[in-house]
Each structure stands twice: as C-alpha cells, then as structure tokens.
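Sequential numbering from 1 along the given sequence is applied to the chain's residues. Any value given below was found using the heavy atoms of this structure, including those in side chains, with hydrogens, waters and symmetry copies removed.
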Amino acid sequence: MKSVIIQNPIAQSTFIRKVIDNHGLIVFPTETVYGIGASIYDPIAIQSIFTTKGRPQDNPLIVHIAEQSQLDELVTEVNMYAKKLMAAFWPGPLTLVLPKSAKVPSIITANLPTVGVRMPKDPLARDVIRAAGVPLCAPSANLSGKPSGTDFKSVYEDFFGKVSIFIEGGIPEFGIESTVIDLTSQIPTILRPGAISAEEIEQVLGMVIVSSSQAENAPKAPGMKYQHYKPFGDVVILDGPTPKLIEFLRNLPDQDAVFMGANEVCGDLLELPINTFALGPQNQVDVIARALYRTLRTLDNLKVKTIYTHTFSKKGIGTALMNRLEKAASRTISL
Ligand code: TXA
Ligand code: MG
C-alpha cells in the first residue's frame with residue numbers, strides 16, 4: 001500500500017477526504033500518543049484497524065472529535081459530570097465514557113452500550129478530524145501489546161505501507177494515554193489512569209471518585225485486561241532505597257541487562273558496569289512519563305533482554321506512569 005506523509009491536514013483536506021471515502025487509515029499525532037484512525041461510519045476501515053494492529057476485537061475504540069458539537073450525534077445523554085469535565089479538560093487527554101447513540105457502529109464499542117469520546121488538545125489532531133469531515137475512532141498507533149508510539153519515527157516504522165496517510169507531528173506533550181472515565185456509573189469511575197490525574201478530576205467535580213484499576217475485580221475498560229505495553233525485553237521493577245538498588249545491581253550475573261530510571265538514580269550507578277537510560281529528573285514525573293514509551297522502544301530496537309527500573313512517585317501523572325510500568329513488567333522485586 002502507498003503511504004503518504006502529510007504535514008498540514010487542512011491544506012490536504014481534499015486528499016484526506018478521498019482516502020476516508022476509500023476506507024483508508026490515517027496515523028496522526030495527539031498530545032498523548034499517536035493514533036491510528038478511521039471514519040467512525042466506516043466498518044470496513046474500522047475492521048482494518050483491528051487487523052493492522054492485531055488488536056483483540058472485544059477491545060473498544062475511542063472516538064476523537066474536533067468540536068464539542070460533534071458529541072451530540074454520538075451519545076444519548078450528557079450529564080452534569082460530563083459537562084463539568086468537558087469545560088475543564090477539553091480539548092485534552094480525558095476520555096468520557098457515555099451512553100452511545102444508535103449512530104455509533106457496535107464494532108467501535110465492542111457491543112457495549114457505551115462509547116468513549118475525547119477531543120484531543122493537539123491542533124494537528126483536531127485539524128485531521130476537520131479535514132476528514134467525520135469523527136475518527138483511533139486506538140494508539142502501535143502493534144497490539146507493544147509500547148504506544150510517541151514519536152513519528154516509531155509509528156512510521158510500525159505502519160509504513162500499512163496505512164494510507166501519516167500526519168507528521170512532534171513528540172506528544174504527555175507521552176501516556178488519556179484518562180478513561182466512566183460517567184454511566186453512579187459515581188464517576190476511572191477505568192484507565194492517564195494524563196489527567198484523579199486529583200485533578202476530583203477538584204473539578206468536588207467529590208471523591210472511584211478508580212477501578214486499583215480494584216481486585218475484573219476492570220470495566222476491556223483493554224485493561226490484556227497484556228499491554230510489553231517491550232521485547234523483560235522489565236523488572238526494583239522497589240527499595242537507592243543503596244539497596246546499587247547493591248542488587250552490583251551483584252547482577254546478567255551482563256546484558258540495562259537500567260532505566262530517574263536521572264539522579266542513574267547518576268548513582270555510574271560506578272557500576274551496567275548501561276543506564278535516564279528518563280528525567282526524579283521530581284518531574286511528567287518529564288519521566290513523556291520519555292517512558294520512547295525509551296522502551298529504543299531498548300526494543302537494541303534488543304535488550306532485561307530492563308531494570310525503579311518505582312516512581314504516584315503523584316499526578318505518576319499513577320498512570322506506574323500503571324504502565326507495572327503492566328510492562330514481568331515482576332517487582334522488593335529490596
Ligand atoms: O490517549 C489515548 O487515549 C490514545 C489516543 C490515540 O487518543 N488512544 C488510546 O486508545 O489509548 P486505545 O485503544 O489504545 O485504548 C483505549 C482504552 C482501552 O483500554 C479501552 O478498553 C477503553 O479505552 N475504552 C474505549 N471505549 C470504552 C468504553 N465504551 N467503555 C469502557 N472502556 C472503553
Ligand atoms: Mg493502546
């Protein structure tokens with residue numbers, strides 16, 4: 001398949017519309033991670049998202065809109081919680097799960113009676129939706145089970161020749177996916193922690209919300225049950241103070257292992273023979289979150305077999321960072 005790279009979606013809107021009419025897929029940047037999108041009214045194109053990614057069919061897709069007016073055709077009810085959250089966080093990395101309208105094909109929602117909708121903050125993302133003339137359903141642009149794509153090179157490598165259009169953007173502001181919040185339950189429930197923290201949401205709603213990802217029972221966001229964010233290498237989280245970490249790594253039999261962590265911790269390991277990959281300053285968890293997937297993909301390309309890391313503060317985006325890290329990891333070792 002021929003793939004075309006576009007920098008300005010509005011200038012190329014005639015071409016984009018033609019691709020959409022021909023069941024084409026578009027890889028585009030957002031402020032969280034890159035997405036691989038199709039018209040929400042085109043079940044053939046939507047099916048090819050699942051096939052191209054190797055994504056399980058029972059994992060629903062998020063619908064992306066460019067204007068708030070596009071929400072009306074997608075959902076049957078916009079409650080007070082939704083109104084407050086849209087006013088505070090849209091455009092931005094918050095996906096609202098609301099009762100779906102009959103217009104939304106069930107292939108998008110995996111037959112659920114709800115649909116997840118968000119309005120991305122990245123102007124390029126909204127421009128491509130405007131150019132397409134329809135909302136775009138889009139999962140993260142990565143092969144299923146792999147770390148999400150957070151730079152153009154990664155998504156280009158994964159999908160060159162498999163999609164019709166790439167919209168070329170930069171490095172996403174957040175680097176971790178949107179927060180998914182269910183507004184159809186009695187108390188708003190976070191189904192997937194993400195770029196907007198529970199604290200920020202609670203402040204806007206003036207109430208304590210529920211986080212189902214921390215609950216023991218089966219999570220309601222179907223995607224959360226799958227092995228996710230898995231790099232090629234085996235990720236091991238070391239949980240303990242830095243001196244213990246140094247001691248553990250000093251006695252490591254595995255010569256090929258690497259360490260990925262905060263700048264300060266990597267600095268403390270300079271005397272050891274292990275290669276280190278610094279993610280950012282320890283107290284800037286947003287910088288660390290932005291670097292996570294990119295670093296995991298770099299380590300993938302290097303075919304690193306074992307990646308040691310440490311735990312991070314769960315403040316703000318730190319909850320989402322630790323959630324993704326724990327999903328990427330095979331185990332945590334308490335030191
Ligand atoms: O930041 C993001 O959300 C990125 C960018 C591209 O927008 N997209 C993304 O999509 O992360 P994906 O497909 O990788 O993850 C979507 C998550 C899954 O965990 C899925 O189960 C959940 O959202 N989800 C979607 N619709 C849902 C619904 N109706 N009810 C419950 N969970 C839903
Ligand atoms: Mg994903």
Salt-bridge contact Arg297-Asp158 (side-chain N to carboxylate O under 4.0 Å) =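 So Arg297 pairs with Asp158 through a salt bridge.
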Thinking salt bridges, do Glu173 and Arg290 make one under a 4.0 Å N-O criterion?
->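 The answer is no: the pair does not qualify as a salt bridge.
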Ignoring hydrogens and angles, tell me if any N or O in the side chain of His310 forms a donor-acceptor pair with the backbone of Ala262 under 3.5 Å.
->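 Such a contact is found between His310 side chain and Ala262 backbone.
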Within 6.0 angstrom of Ile187 CD1, more than 12 heavy atoms from elsewhere =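 No, CD1 of Ile187 has 12 or fewer neighbouring heavy atoms, counting only those of other groups under 6.0 Å.
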For residues 7-16, which residue pairs qualify under salt bridge (charged side-chain N to carboxylate O under 4.0 Å, His left out), counting only residues two or more places apart or in two chains?
->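 For residues 7-16: none.
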Kindly state each residue pair satisfying ring pair (Phe, Tyr, Trp, His ring centres under 6.0 Å) with at least one member in [range], sequence neighbours excluded.
| range | answer |
| --- | --- |
| residues 266-296 | Tyr229-Tyr293 |
| residues 93-150 | none |
| residues 69-124 | none |
| residues 5-36 | Phe28-His64 |

Can you list everything that forms a salt bridge (charged side-chain N to carboxylate O under 4.0 Å, His left out) with [X]? Sequence neighbours excluded, please.
| X | result |
| --- | --- |
| Glu157 | Lys153 |
| Asp286 | none |
| Asp151 | none |

Worked check of side-chain hydrogen bond (donor to acceptor under 3.5 Å, both in side chains) between Thr32 and Arg118 | CA-CA 12 Å; Thr32 57; Arg118 84 177 191 96; 3.2 Å; yes
Transitive ILVMFWY side-chain link Leu302 to Leu279, under 4.5 Å |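 Same hydrophobic cluster.
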For residues 193-209, which residue pairs qualify under side chain to side chain donor-acceptor pair (under 3.5 Å), counting only residues two or more places apart or in two chains?
->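 Matches after skipping sequence neighbours: Ser197-Glu200.
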Selection residues 11-22 - residue pairs positive for side chain to side chain donor-acceptor pair (under 3.5 Å), sequence neighbours left out =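 Found none.
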Side-chain atoms of residues 129-138: list all donor-acceptor pairs with protein atoms under 3.5 Å, sequence neighbours left out, distances to 0.1 Å.
unit_1, atom_1, unit_2, atom_2, d
Arg130, NE, Glu67, OE2, 2.8
Arg130, NH1, Asp127, OD1, 3.1

Regarding [X] and [Y], do their side chains bring together a donor and an acceptor under 3.5 Å, going by distance alone?
| X | Y | value |
| --- | --- | --- |
| Arg192 | Ser178 | yes |
| Ser185 | Thr189 | yes |
| Ser330 | Asp234 | yes |

Asn8: side-chain contact (heavy atoms from CB on, under 4.5 Å) partners, not counting sequence neighbours |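 Only Ile10, Ala11 meet the side-chain contact (heavy atoms from CB on, under 4.5 Å) criterion with Asn8.
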Does some side-chain heavy atom of [Y] sit less than 4.5 Å from a side-chain heavy atom of [X]?
| X | Y | result |
| --- | --- | --- |
| Val78 | Met86 | yes |
| Ile40 | Leu74 | yes |
| Ile181 | Leu94 | yes |

Measuring from Lys83:NZ to Leu96:CG, what's the distance to the nearest 0.5 Å?
->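 Going from NZ on Lys83 over to CG on Leu96, the span is 12.5 Å.
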